[in-house]
Amino acid sequence: MVTTVGEIGQHEGRTVTICGWLYNLRTSGKLLFPIFRDGSGMIQGVVLKNAVPAAVFDAVKGLTQESSVIVEGKVRADKRAPGGYELDVSNVQVLQRVPETDPYPITPKEHGTDFLMDHRHLWVRSPRQAAILRMRAEIIRAARDFFDQRGFTLTDPPILTPAACEGTTTLFPVNYFDEQAYLTQSGQLYIEATAMALGKVYSFGPTFRAEKSKTRRHLTEFWMIEPEVAYATLEDIMELAESFITAIVKRCLEHRCSDLEMIGRDLAKLARIEPPFPRLSYDQAVTMLQQAHAKGALEHRFEWGGDLGSPDETYLSSQFDKPVMVHRYPAAVKAFYMEPDPARPELALCLDVLAPEGYGEIIGGSQRTASYDLLIQRIHEHRLPEEAFRWYLDLRKYGSVPHAGFGMGIERAVAWICGLEHVRETIPFPRMLYRLYP
RNA sequence: UCCUCAGUAGCUCAAUGGCAGAGCAUCCGGCUGUUAACCGGAGGGUUGUAGGUUCGAGUCCUACCUGAGGAGCCA
């Protein structure tokens, strides 16, 4: 009977077939200990020379790392096995034996990141990397379930766009039949249009930033999930962001505890994530940062009016053990489409969610400008091409309503939930400055 | 774009300006309970590239290349 390592406990005492790869092989004279992996887990096989035909013993003895094999054996519970079970091998079929003249490059010993990134197509086979990719899949599933269950409609924005969404970041240019086009940096403007059609919508897809950012938080190609809600205010989406993050973390703790433990995540820190999240106005944040400078905790004195820098975000988030929501930044440092605060028009009705433990901004969002006149004024102030935004301005001509939304970077969320050093491990094939291979 | 650091065997790293080394991987041999197994042996090098200083450069100097971390910008 063909089964998987993950389900092998259901077959104790029976002979089963596993389709997988050789992870490692230890020998002790007439005794062999091959470890097989099949994507669902790993199990150690035991081959005793006297107990099997010579051909089977020799076949296992000659296996090299990552050779593909179909193994037949009897499942036996064993206290010494990390997974609780071992496989008494009775037969093995070698599909492809990795030649020793060109052995599998990733050995069970340590490697540097440059080498591992060059071999990313093989690195994903490592138990830790496989666990991280399962976490990514779980987080995406949880995020989509969250919106699907709340009546949101998935609407996919285009990836090829005629102009910048925000006009701030650098875009990847694309030759579109001799016309200048760009890879999208956000689906937001387009889902504002579908929100006016469907009420509550979200998008999930890749986004591209050609910024020459060289940090552990940046990729040039990353995935964003963005909800947009008609008739919603900043308050509404702050509550939405709060319950969204809580639901994702809760799902990971319920479904993927073993993967989180395998990755080495401190589960107690995740268990604390539940509403309400601390909320800081930009003004309050500035006061905190200035006090921190006075105490010597921050090198530079932060002045009101600027955008929060990376060290500022790290400091603020370190003061809390939950994600912190910073709202109402000065409009001057934010995007052109954000609605001004009616009480203080110099502020934008916007929101950044900073993850705990120094992972920085994982969510950015805002209430969007509903007024046609103000929007066109802002487009001019930001020196954006008005023609390219005709369709976007139409949304304010034909039944404009207050609306709001946010975007969450999947990779930063995965890095935080898994407790990783770098976002490059959170996506199967990261695209970064100076790295396009494999 | 700027700042800092690094580049030596397939991999991870040593080597005061004075003979190019170790562990792992690979190959050969040993071992009936190994857990990154262990023990013995073998093969494996244009020290990132190009110049320079020196009797002598992996080591010092200059430029360049490649990569990493950070800043700015952002999710």
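Chain letters run A, B, ... following the sequence lines, proteins first, then strands; residues in each count from 1. All heavy atoms count here, side chains included; hydrogens, waters and symmetry mates do not.
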Using the [atom1] atom as the reference point in each nucleotide, state the distance between [N] and [M] in Å, no decimals.
N      : M      : atom1 : value
B:rA22 : B:rC5  : C1'   : 25 Å
B:rG69 : B:rU12 : P     : 15 Å
B:rG45 : B:rC38 : P     : 26 Å
B:rA75 : B:rU66 : P     : 29 Å
B:rA6  : B:rG43 : P     : 34 Å

Aromatic ring proximity A:Phe406/A:Tyr202, centre distance under 6.0 Å: no

A:Phe204-A:Phe147 aromatic ring centre distance below 6.0 Å: no

Rounding to an integer number of Å, can you tell me how far [X] [atom1] sits from [N] [atom2]?
X        : N      : atom1 : atom2 : value
A:Lys61  : B:rU32 : NZ    : P     : 11 Å
A:Leu122 : B:rA25 : CG    : C1'   : 15 Å
A:His422 : B:rA68 : NE2   : P     : 8 Å
A:Tyr329 : B:rA75 : OH    : C1'   : 12 Å
A:Lys212 : B:rG70 : NZ    : C1'   : 17 Å

Contact nearer the 5' end of RNA chain B, comparing A:Leu48 with A:Glu421: A:Leu48

Donor-acceptor pair (no angle test) under 3.5 Å: A:Ser28 side chain, B:rC38 base: no

N/O donor-acceptor pair, side chain A:Ser213 with base B:rC73, under 3.5 angstrom: yes

Watson-Crick or G-U counterpart of B:rU53, or none if no pair lies under 3.5 Å: none

Base-pairing mate for B:rC2 - Watson-Crick or G-U, with both contacts under 3.5 Å: B:rG70

Contact under 4.0 Å: A:Arg435 side-chain N or O vs B:rA68 OP1/OP2: yes

Distance-only polar pair, side chains of A:Gln44 and A:Arg26, donor-acceptor under 3.5 Å: yes

NZ/NE/NH1/NH2 to OD/OE distance under 4.0 Å, A:Arg217 and A:Glu211: no

Aromatic stack A:Phe222/B:rA75: centroid gap under 5.5 Å, interplanar angle under 30°: yes

